[in-house]
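Reckoned from all heavy atoms, side chains included, excluding hydrogens, waters and symmetry mates. Chain letters run A, B, ... following the sequence lines, proteins first and then strands; every chain starts at 1. Just so you know, these numbers come straight off a predicted model, no measurement behind them.
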Amino acid sequence: MSKITVTLPDNSQRKVEIGTTPGDIALSIGEGLFRNSIAAKINGNIVDLKKSITEDSIVQILTTRDPESHEILLHSTAHLLAMAVKELYPEAKIAIGPALSDRFYYDIDFPKFLSEEDLPEIEAKMKELAKSNFNVERQELTQKEALDKFSELDESYKMEIISELSSDEIITAYSQGEFIDLCRGPHIPSTGKLKYFKLLSTAGAYWRGDESNKMLQRIYGTAWFDKKDLKNFLFQIEEAKKRDHRKLGKQLKLFHFDEEVGPGLPLWLPNGTIIVDELEELAKKTEHKAGYKRVRTPHLTKGELYERSGHLSHYKDSMYPAMEMDGFDYYVKPMNCPHHHKIYAAEPRSYRDLPLRLAEYGTCYRYEKSGQLFGLMRVRSMQMNDAHIYCTEEQFKDEFIAVCNMYMYYFEIFGIEKYQMRLSLHNKEGLGKKYVNEPELWLKTESAVREALIQGKFNFVEVPGEAAFYGPKIDVQVWSAIGREFTLATNQVDFAVPGKFDLTFTNSKGEDEIPLCIHRAPLSTHERFVGFLIEHFGGDFPLWLAPVQVIIIPISEKYFEYAQRVYNSLYDNEIRVDFDRRAEKVGAKIRDAELMKIPVMLIVGEKEQNSDTVSVRRKHQGDLGAISLEQLTIELSEEISNKDKGKRYDQSER
RNA sequence: GCCAUUGUAGCUCAGUUGGCCAGAGCGGCUGAUUUGUAAUCAGCGGGUCGGGGGUUCGAAUCCCUCCAAUGGCUCCA
């Protein structure tokens, strides 16, 4: 009998029979290890525990502790879901069911429409099937065999997938009990390992993500090895709900949607407006230091301008329809760039004028499809932190890096610790359709952007086929304090539209050249950025952003006069201060101030009046004792001007 | 736009095998209380039950339709 050598992660070696499986090895090391084994890595490839080892190999057993195992668990739970569904609804046809980062889903073509109420029944069936502890078996099939098999089962979606694979490829399927699914694997060895899972929601999803295909029904779920992990995951979902910007926006009176105004058209309330104004102030100062010039442009514009820019042909469906006046079509502007191009063109430019950086907080209107609207995150009227930088090819890289560094500056201020840039590139198929037909310019610009990102040492990934029609772009994803991902800033390079607008500058040799244009919006739109900040801070804004920074709480009416003096003094020092004059007890006033997440409460009574002090109570810190008004003003003003982030708290308040 | 769910007072929510004038808490207003670190007491207002249409002796409740919001899909200059 021939033997092979397997090398384990601790570099120990074992002689084993040919055909031994990682499962056998795990068992030989120890029963405990075997029980926790999920899959294995043979020479770096993830495989089933039951895979035969046929040559000398490096073998690593993956247990419930290895991150790779979680994906396998999720994927196997998706199979269990499909199996349960087939048992309950034999006519259902299954499509695809992959793992996400901590969830999974399965797309299924159902004979009836599913609602959330159907989930408990399916989940119960899953539990029952898991307990039966079916062995999960891998099968290798030729394309013909696979087609026969799934045609017998009438699984048309699976057949569609199989027929698109190459005919000489070995196709694998996994079975558990009566159920079989086309799948690359690997999988957990038996369904008994699936214990802690929960179905979360239902949704519609197009087959293959294509709008023109049939809509299938998607079921989302999650699965974990440990009961605690499952509980924790569900707890985090609850926590995220508490920080939902729509909920907090209402509670803290930041913004309001009114049906009579229209969907996706937010009204900024006074409290929310303060936050927006602070952001705008920050941007103006930052851009001023970076050499930007501010401009203002109208909301209405003739259609000609958008025909020339190409926006009308690319985005007509998501623009508000034209208003006809004096024989011309007028549109409300969906973006600011054409106007800025016109400002560039308003006077002759020399290379000495470049880079020219034009900035505007312009309000734009886009007809987002009704189903896309989502609180402040996706709206139809939006104010953008917009600017366009016109520069020469030589200046491009420095300008681009400077823009990205501005992102970093903002991230620091807002305490954003994790980000990733997505370099969105064109693809060949889209040339002349989705993208302007300039294959060489595309490649040249893309590599310039890539070099800039590398030189600036920014964290980025590349995604083909997601560029803007006029050039490559960077989308910046950031993660909020509770780890949810948002796409905020965007930064696009435009090598096409300046030419269409005949934008030129005179170079040092006296010749005309077309400038490059960088579109950039580091703070995204006001709406989206504030929405993000609400979740990020859980409504507990740092002092400089807090709509009400200080509230004065007199012990009783007797001290109103002194309280008013304190109020006036803070007000005169440009601190946003309120005065609670209600005939309530102190406890009630404090409670209401806490619920409104006001960072600083000043309690004034007899003691304070007699000593010209105020008693400070800060949110999350409680009673901090008495301090002179003068000293307090200095400290608060300093904290505000430094834009201190304040403490961030993982747990939201009651 | 597509699939599903939801829509009752300013807010959070009860009320559905169809049946007296549609309820609560908070908020609001009025009055009393003059209070020391997360809810003082009492009284009074407040609702086209998302809009429209239908079934019925009778509709918040059943049906149709439109609108809006929510979970996703698709899209995002």
Between N or O atoms, less than 3.5 Å apart, protein on one side and nucleotides 6-8 of chain B on the other: list the pairs.
none

Got a sec, which residues hit salt bridge (Lys or Arg N to Asp or Glu O under 4.0 Å) with Arg582(A), two or more places apart in sequence or on another chain? Asp580(A), Asp592(A)
Less than 4.0 angstrom between a side-chain N/O of Arg617(A) and OP1 or OP2 of A38(B), yes or no? yes
Residues in salt bridge (Lys or Arg N to Asp or Glu O under 4.0 Å) contact with Arg520(A), at least two apart in sequence or another chain: Glu287(A)
Heavy atoms from C-beta onward define the side chain here; which of C73(B), C75(B), G36(B) lies closest to that of Tyr206(A)? C73(B)
With a non-hydrogen cut-off below 4.0 angstrom, is Glu466(A) in contact with a base, only sugar-phosphate, or nothing? nothing
Name the nucleic acid region contacted by Tyr315(A), choosing base, sugar-phosphate or nothing; use a 4.0 angstrom heavy-atom cut-off, strictly under. base
Parallel, tilted or perpendicular: which one describes the rings of Tyr390(A) and Tyr344(A), with boundaries at 30° and 60°? tilted
Residue Ala203(A), side-chain atoms from C-beta onward, closest of C73(B), A77(B), G72(B): G72(B)
side-chain contact (heavy atoms from CB on, under 4.5 Å) involving Ala205(A) - partner list, sequence neighbours excluded: Asp107(A), Arg218(A)
Involving RNA chain B, stems made of at least three consecutive Watson-Crick or G-U pairs, both distances under 3.5 Å: B:1-7 with B:67-73, B:10-13 with B:23-26, B:28-32 with B:40-44, B:50-54 with B:62-66
The side chain of Ala588(A) is closest to which nucleotide in this list: A39(B), C73(B), U37(B)? A39(B)
NA contact type, Tyr105(A), heavy-atom cut-off 4.0 Å: base, sugar-phosphate, or nothing? nothing
Contact nearer the 5' end of RNA chain B, comparing Arg103(A) with Met319(A): Arg103(A)
Of G36(B), A38(B), C76(B), the nucleotide closest to the side chain of Val586(A) is G36(B)
Donor/acceptor link under 3.5 angstrom from Arg366(A) side chain onto base of C76(B): no
Within the 4.0 Å heavy-atom criterion, would you say Leu216(A) contacts the bases, only the backbone, or no part of the nucleic acid? nothing
Out of U40(B), A77(B), G72(B), which has the shortest distance to the side chain of Met335(A)? A77(B)
Write out a two-atom table: protein N or O, nucleotide N or O from nucleotides 61-64 of chain B, distance below 3.5 Å.
none

Using a cut-off of strictly less than 4.0 Å between a heavy atom of the residue and any atom of RNA chain B, enumerate the qualifying residues of residues 367-376 of chain A by number. Tyr367(A), Lys369(A), Ser370(A), Gly371(A), Gln372(A), Leu373(A), Phe374(A), Gly375(A)
Contact class for His314(A) (heavy atom, under 4.0 Å): base, sugar-phosphate, or nothing? nothing
Can you name the residues that form a salt bridge (Lys or Arg N to Asp or Glu O under 4.0 Å) with Arg103(A), not counting sequence neighbours? none
Minimum-distance nucleotide (side-chain atoms of Glu606(A) versus U74(B), A77(B), G36(B)): G36(B)
Selection from G36(B), A77(B), C73(B) that lies nearest to any side-chain heavy atom of Arg218(A): C73(B)
Answer yes or no: side-chain N or O of Ser318(A) and base N or O of A77(B) forming a donor-acceptor pair under 3.5 Å. yes
Go through the structure and list residues passing side-chain contact (heavy atoms from CB on, under 4.5 Å) with Glu91(A), not counting sequence neighbours. Tyr89(A), Pro111(A)
Quick one: CE on Met377(A) to CE on Met382(A), what's the gap to the nearest 0.5 Å? 14.0 Å
Could you list the protein-to-nucleotides 30-34 of chain B atom pairs, N/O on both sides, closer than 3.5 Å?
residue	atom	partner	partner atom	Å
U34(B)	O2	Glu557(A)	N	2.9
U34(B)	N3	Glu557(A)	OE1	2.9
U34(B)	O4	Glu557(A)	OE1	2.5

Distance, C1' atom - from U37(B) to C76(B), rounded to whole angstrom: 49 Å
Would you please classify the geometry between the Phe257(A) ring and the Phe255(A) ring as parallel, tilted or perpendicular, with 30° and 60° separating the classes? perpendicular
If you assign each of Ala468(A) and Pro263(A) to its closest nucleotide in RNA chain B, which residue comes earlier from the 5' end? Pro263(A)
Among A77(B), C73(B), G36(B), which nucleotide sits nearest the side chain of Ser615(A)? G36(B)
Measure the distance from CD1 on Ile237(A) to P on G71(B) and round it to the nearest whole Å. 13 Å
Using OP1 and OP2 only, check whether a side-chain N or O of Lys250(A) sits under 4.0 Å from U12(B). yes
Give me each pair satisfying salt bridge (Lys or Arg N to Asp or Glu O under 4.0 Å) with a member in residues 357-373 of chain A, each pair once, sequence neighbours excluded. Glu211(A)-Lys369(A), Lys333(A)-Glu360(A), Arg357(A)-Glu399(A), Glu368(A)-Arg378(A)
Salt bridge (Lys or Arg N to Asp or Glu O under 4.0 Å) pairs touching residues 485-501 of chain A, sequence neighbours excluded, are none
Regarding Arg565(A) and the six-membered ring of Tyr562(A), is the cationic atom NZ or CZ under 6.0 Å from the ring centre and inside 45° of its axis? no
Report which part of the nucleic acid Arg246(A) touches: base, sugar-phosphate, or nothing (heavy-atom distance under 4.0 Å, all strands). sugar-phosphate
Under the 3.5 Å rule, do the base of G36(B) and the side chain of Tyr559(A) count as making a donor-acceptor pair? no
May I ask you to say what Gly587(A) touches in the nucleic acid, namely base, sugar-phosphate or nothing, with a heavy-atom cut-off under 4.0 Å? sugar-phosphate
